[in-house]
Amino acid sequence: MSKRGENIYKRKDGRWEGRYRKGRNKEGRIIYGYVYGKQYNETKEKLSKKNADYSIRSETSAPEEMMVDEWLNYWLNILMKNRIKPSTYSNYRGRIQRHLSPFFKNKQLSTLETADIDKFIYSLYRSELSSNSIRSIISMLRSALKKAVNDNKISKNPCQGVLLPALSKREIKSLDKRQQKKLEQIALYKKECSAEVIALYTGMRIGEISGLKWEDIDFKNNKIFVKRTISRIPSVTEPHKTEIIIGKPKSINGERAIPISKNLKRYLMEKKQSSTSLYVISCKNSFTEPRIINYRFKKIVEESKIGQVHFHALRHTFATRCVESGIDIATLSKILGHASTKMTLDIYTDSLWETRRSAMMLIDRQLNYDERITL
DNA sequence: CGCAAATCAATCATGGAAGT
DNA sequence: ACTTCCATGATTGATTTGCG
């Protein structure tokens, strides 16, 4: 009778159906061929013949003809798809389609060498991509080729040892108190609950604010639980479409609780009264997607005349204010949802130094050197 | 050998352009 | 006055490297 792995199954109509691998399509999915028979053994025989045919073929010609973009699609759609988040999948797919496939069109995987990768990087340079983007394309390519080495498709990884553009150093932008005041003045008096106010007083990310529900706020214990993140990505299934992804934290570690200050609590409670939606920031009685939050944010920024800032700067602003009020780094790290304090330290070392310096200057006033003479 | 710095990999944010 | 699509760019967790 039918055994696991044979790929022979009994059909509802009484016949036996066997499947064999014919090859793979452009996306890397397996294409099956089918055989049928009234008896199990009959089907098994037919199937083994087919299998013999195709295994000979794939041993001789198929492996030689594997193209670079075939491998990439196989790597992404078969090997990676279920291991990575939809947002990452979408991102990778976009980079393959837009950059890798066109450049390595008609290039055989087995002939790929380091020089090709260097040329590719050069072409990305010329298309004026930032070094960050180039790096992320190459690092994805590197992992795909690493797997190809592992599967004996190529003997060594051509990405090994390529020279990447220098990482552009990031400069954290945050609002000073004057800018913050100006922004709040407008945001606070909006009728709807303001994403900007929440960002400035919790440090939450835009996607997290987008997914925040009233039920995530524990007014009794003054806590906000971050449980969701919303983003819109190019559709995984339908081409030329996008879709909303509501990400659930994979582990309990992904979630975090943020304490609510007194004023924020008052603000939120007031807004909750007039809210009819499950979501704190609502749009048509549902969530407000990040693009819209950003759109509204930009209008407020313009109105408040504080210059050019990104929404993410509000998160930095929150952290900076925390540091200024002398918060300890471990606490801040927890609130921001960082995995370790290392990350937090890396980003905020400078502002920590600023507050230490000004603390020193305060102390310094007490030491009046001239008075020594009169003593 | 232990540690932090550097780099890689995965994920999230941004905003122009065009559509409704 | 948003809303959708899409490619680029930045952030952040994980791993490797390199240095005393």
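In what follows, chains are A, B, ... by sequence order, proteins preceding strands, each numbered from 1. Quantities reported herein were computed from a predicted structural model and do not represent experimental measurements. Values below: every heavy atom of this structure, side chains too, minus hydrogens, waters and symmetry copies.
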- Centroid-centroid under 6.0 Å between A/Tyr201 and A/Phe318 rings: no
Would you say B/dG15 has OP1 or OP2 under 4.0 Å from some side-chain N or O of A/Asn294?
yes
Please evaluate the base of C/dG9 for a donor-acceptor partner in the side chain of A/Arg95 within a cut-off of under 3.5 Å?
-> yes
- Query: If only atom types and distance count, is the side chain of A/Ser123 paired as donor or acceptor with the main-chain N or O of A/Phe120 below 3.5 Å?
  - Reply: yes
Assess, by modelled atom type and distance only, whether the side chains of A/Gln160 and A/Arg142 contain a donor and an acceptor separated by less than 3.5 Å. no
Checking C/dG9, C/dT12, B/dT11 against the side chain of A/Ile347 (C-beta onward), the nearest is C/dT12
From the candidates B/dC12, C/dC2, C/dT4, the one with an atom nearest any side-chain atom of A/Ser87 is B/dC12
Per nearest nucleotide of DNA chain C, the residue lying toward the 5' end, A/Ser131 or A/Lys299, is A/Lys299
Here the distance between atom C1' of B/dG19 and atom CZ of A/Arg291, to the nearest Å, is 13 Å
The nucleotide from B/dG15, B/dA9, C/dT12 with an atom nearest the side chain of A/Arg142 is B/dA9
Can you find a side chain N or O atom of A/Tyr92 that sits less than 4.0 Å from OP1 or OP2 on B/dA10?
-> yes
From CD1 of A/Ile134 across to C1' of C/dG9 the rounded distance in Å is 12 Å
* Is the shortest side-chain N/O distance from A/Lys298 to OP1 or OP2 of B/dG15 below 4.0 Å? -> yes
d(A/Ser139 OG, A/Lys146 NZ) to nearest 0.5 Å is 11.5 Å
Side-chain atoms of A/Gln308 come closest, of B/dG15, C/dA7, B/dC12, to B/dG15
### Query
Can you find a side chain N or O atom of A/Thr88 that sits less than 4.0 Å from OP1 or OP2 on B/dA10?
no
task = Remember a base hit wins even if backbone is also touched, and classify A/Arg83 as base, sugar-phosphate or nothing at under 4.0 Å, heavy atoms.
result = nothing
Is A/Leu164 touching bases, backbone alone, or none of the nucleic acid, heavy atoms closer than 4.0 Å?
sugar-phosphate
Among C/dA14, C/dC5, B/dT14, the one nearest any side-chain atom of A/Ala339 is C/dA14
Quick note, A/Thr242 side chain, CB onward, closest among B/dA13, C/dG9, C/dT4 is C/dT4
**Prompt:** Does the side-chain hydrogen bond (donor to acceptor under 3.5 Å, both in side chains) test come out yes or no for A/Ser174 and A/Thr317, once each step is laid out?
**Reply:** CA-CA 5 Å; A/Ser174 68; A/Thr317 305; 4.6 Å; no
A/His240 atom NE2 is separated from C/dC5 atom P, nearest whole Å, by 11 Å
Between CG of A/Leu336 and P of B/dA13 the distance, given in whole Å, is 14 Å
| Do A/Glu208 and A/Thr229 meet the criterion of a side-chain donor-acceptor pair at a distance under 3.5 Å? | no
Out of B/dC12, B/dA10, C/dA1, minimum distance to the side chain of A/Tyr295 belongs to C/dA1
Is any side-chain nitrogen or oxygen of A/Lys342 closer than 4.0 Å to OP1 or OP2 of B/dA4?
no
Over all strands shown, is A/Ser130 touching base, sugar-phosphate only, or nothing at heavy-atom distances under 4.0 angstrom? sugar-phosphate
OP1 or OP2 of C/dG9 under 4.0 Å from side-chain N/O of A/Ser133: yes
note: A/Ile96, atom CD1; C/dT8, atom P; distance rounded to Å ~ 14 Å
Ignoring hydrogens and geometry, is there a side-chain-to-backbone donor-acceptor pair from A/Lys271 to A/Lys191 under 3.5 Å? yes
Below 4.0 angstrom from OP1 or OP2 of C/dC6, is there any side-chain N or O of A/Arg98?
no
N or O in side chain of A/Lys284 less than 4.0 angstrom from C/dT3 OP1/OP2: yes
Give a yes/no answer on whether the side chain of A/His312 brings an N or O atom under 4.0 Å of OP1 or OP2 in C/dA10.
no
So A/Ile233, base contact, sugar-phosphate only, or nothing? Heavy-atom distance under 4.0 Å. nothing
Between A/His99 and C/dT8, is there a contact of a side-chain N or O with OP1 or OP2 at under 4.0 Å? yes
Against the side chain of A/Ile206, the closest entry in C/dA10, B/dA13, C/dT8 is B/dA13
